[in-house]
Amino acid sequence: MKVLIIGSTGFIGNEVVKQLALKDISLTLLVRNIAKAEPLKALAPSKIDLVTGDLTKVNLGLNEVDKRKVLECDTILHCGGPMDINLSAEIAKQSFLDGSKHLMEIANEIHHKGQLNKIIHTVGYMSPFNDDATVWESIDVFTEVPSVLKGAHPYEQMKFLSDVYIRQEAKKNDIPLAVINLPTVIGDEQTGSPVQLGGFGLFIDIIRKGSLPVIPGGKKYRLPLINSNIIAQFIVNTIFNDSKKEMTYALVSDQEFDHNVKGLMSIISGSMNMKVPKFTVPFGVLKFVMKFGGSKLTGIPESSLDFLTNRTFDNKLTKRDFDPKLVKKIPASNIPLSIAELDYRLTYGDEKIDHFLRKNVGGITLYLLEGKGRPIVLVHGLFSDGTDLFNLGVELNKRTGREIRIIDLPGFGRTPFIKSKEVLDPYINSIQSIKETVPIGSTFIGHSFGAALLMEAFNKKILTSDDEIILLQPPIRKINFEPPKWISKSLLKHATQKSLRNYFNKKGLLLTNELSSDKFISRVKNSFASPRILNTTLLLNEVLPSMNLKEKQNSSFSVIWGNKDQSYALPLEDNRINQLPFGHYFPISNPEETTDIIMTTLIN
């Protein structure tokens, strides 16, 4: 089997290629940018071929050599096209409707050679079309818009007209066609990544900005969600399943298995450490308000609410042709992880995690760097996340050869906030979750609040004297008075990068001559745009004094201290404390020097 995939570098196609690379088939990936697709080819170099093309061009923009490769394929998967509901009518037509025309011209060439087994096309779940040809076979998609699509945004119109055109051409030429109606796709069920910033990302962005302080539609409405890896499983199964006369698969679960909008808003607000909206506004009223000025006032695109629905969907064919265990996985799991991932990307952009492997341990994001021997676990402090300790982790890995594990604490980085009656419980639990995955005698290194957590975990006997505990700048003796929480929040949200740099320098948190200071300050400023990170930072800063860290000191702890810190004093007057001539955030600004000191401290 030779499968042509259009859209392989997208959030769905990427996952499909990963799963198909494990199968005994050949893949031809049509891409506009070869370099972007090289990581996919690396999954199975002997089985994956890359060809340069463009869906919007005649012959898919293929040169003669690449076209010959495409014409050798016997199955086509089309999941290409941009995910942007704000596309203009012209761009939407080029991307979808014209693209489907160019695709079907190639498909017909393959079919006339007698070797096209099947076309698989992915379309949004709100499509009004199915296998009933009487509804769509007489529509001239290039000159008319059927009544069921009038008033729809150009993005939706062109996506669904392209569906109609592919259906028409497949029927005319007797080509087996499977259409997969996708709900809103979020990240994979393991880590919440990768995800797109359109669709669900747009919904999250609206909420995090405070532009939607009400529940739209209430309990009767829902936003069907599905994990990207589950979508890919359905597509892969469709490729190998026998063709049938009717193959339109709605991947939307029965309503009782989905979260309604009220429940979903509660999950989002909880994961984002925001207040849950109390009031419900009828969907029709909200749409009316958006249409007549509300959209401009709030910044919410009117079309962004079109993903919400009170419809029921016919998923009988899905239940007929797929394993019941897979069908049960249609409603998305691990939604909070995808929310945190989207918030992270909206806050910082597409930051890379080079060298590190990302995992989910008990709902906590964990970064791994391979090595031998007992792992070294790094725990970050406030105003930072796990990625800020990457450079330190890489240095420790180079010097020791040991495995490095770095966590994102709840409410930071890519880990959702976890609400609890006892504020510190989720943080202590995160240490316990990691502790359960490493052997006795592993090394735990905590910075600032992370150091405080390790002290608390030791006090609760989660960590023991068998574990090596190294504290970097433990916040035991506070010097400065903290202003009220609401004043701090207002100040932080409106702080400039310059004022933050001056403040961090004045307080000895991060000195201007320290390495990477500008990058770190930029990340700190960006973090204040996220209510999840900002509210969590302020909450934990408020809780920190109640941890009574002075009473929890232990002579078995190793302490490394940046003596330029003007916010905290040395935890105790002790010659055994290793000191560095840097500020509070020295593990981030000076990872090499920090590693030098840690190496003299390490026992294992």
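Keep in mind that what you see is a predicted model, and the values were worked out from it rather than measured.
- Side-chain contact check for N360 and T191: no donor-acceptor pair (N or O, by modelled atom type) lies under 3.5 Å.
- By the 30° and 60° cut-offs, the orientation of the rings of F390 relative to F356 is parallel.
- Within the 4.5 Å cutoff, side-chain heavy atoms of P416 are placed close to those of L337.
- Checking S269 against S266 by side-chain atom types alone, no donor-acceptor pair falls below 3.5 Å.
- The pair E341-R358 meets the salt-bridge criterion, with a side-chain N (NZ, NE, NH1 or NH2) lying under 4.0 Å from an Asp/Glu carboxylate O.
- Using modelled atom types, one finds a donor on one side chain and an acceptor on the other under 3.5 Å when comparing K489 with N535.
- Counting heavy atoms from C-beta outward, L510 and I521 have side chains that approach closer than 4.5 Å.
- Donor-acceptor pairing under 3.5 Å is recorded for the side chains of T443 and E468.
- A donor-acceptor distance shorter than 3.5 angstrom exists from the side chain of S271 to the backbone of I267, with no hydrogens or angles considered.
- A side-chain hydrogen bond (donor to acceptor under 3.5 Å, both in side chains) with N229 holds for exactly one of K329, E15, E189; it is E189.
- The CG atom of L463 lies 4.5 Å from the CD1 atom of I469; values are rounded to the nearest 0.5 Å.
- Counting only distance, with no hydrogens or angles, the side chain of N227 and the backbone of G187 share a donor-acceptor pair below 3.5 Å.
- No side-chain heavy atom of F417 sits less than 4.5 Å from a side-chain heavy atom of I533.
- A ring-centre distance under 6.0 Å is found for H380 and F412.
- Under a cut-off of 6.0 angstrom, the local environment of CD in E370 is sparse, with at most 12 non-hydrogen atoms contributed by other residues, nucleotides or ligands.
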Working for salt bridge (charged side-chain N to carboxylate O under 4.0 Å, His left out), residues D467 and K435: CA-CA 10 Å; D467 301 303; K435 165 68 175 173; 2.8 Å; yes

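- By the neighbour-count criterion of 12 heavy atoms within 6.0 Å, atom NZ of K552 is densely surrounded, having more than that number from other residues, nucleotides or ligands.
- A distance-only check finds no donor-acceptor pair linking the side chain of R399 to the backbone of M599 [under 3.5 Å].
- T595 is listed as a side-chain neighbour of L392, based on a closest heavy-atom distance under 4.5 Å.
- Side-chain contact, S448 with H584: a donor N or O sits under 3.5 Å from an acceptor N or O.
- Salt-bridge formation is not detected for the pair E403/K372: no Lys NZ or Arg NE/NH1/NH2 atom is positioned less than 4.0 Å from an Asp or Glu carboxylate oxygen.
- For the atom pair CG of L368 and NE2 of H355, the computed distance is 14.5 Å after rounding to the nearest 0.5 Å.
- Inter-residue side-chain proximity for L264 and R222 is flagged as unmet; no heavy-atom pair is nearer than 4.5 Å.
- Neither side chain, T400 nor N397, offers a donor N or O lying under 3.5 Å from an acceptor on the other.
- Remark: the N334 side chain and the Q190 side chain contain no N/O donor-acceptor pair separated by less than 3.5 Å.
- With respect to D385, the salt bridge (Lys or Arg N to Asp or Glu O under 4.0 Å) criterion is satisfied by exactly one of R532, R523, R414: R523.
- Looking only at distances, a side-chain donor or acceptor of S433 sits under 3.5 Å from a matching main-chain atom of N429.
- Under the 3.5 Å distance criterion, the side-chain polar atoms of R477 are left unmatched by any main-chain donor or acceptor of A569.
- A heavy-atom distance below 4.5 Å is not found between the side chains of Y125 and L182.
- Side-chain contact, S228 with D188: no donor N or O sits under 3.5 Å from an acceptor N or O.
- I12 places none of its side-chain heavy atoms less than 4.5 Å from the side chain of N14.
- A distance below 6.0 Å separates the ring centres of F458 and F557.
- At distances below 3.5 Å, not a single donor-acceptor pair connects side-chain atoms of S442 with backbone N or O atoms of V438.
- Aromatic ring centres of Y585 and H447 lie closer together than 6.0 Å.
- One N or O on the side chain of N260 and one on the backbone of G263 form a donor-acceptor pair closer than 3.5 Å.
- Looking only at distances, no side-chain donor or acceptor of N548 sits under 3.5 Å from a matching main-chain atom of E551.
- Proximity of a side-chain donor or acceptor of S530 to a complementary backbone N or O of S527 within less than 3.5 Å is not detected.
- S193 and R345 are not linked by any side-chain donor-acceptor pair at a separation below 3.5 angstrom, with hydrogens and angles left out of the test.
- Between I330 and D258 the shortest side-chain heavy-atom distance does not fall below 4.5 Å.
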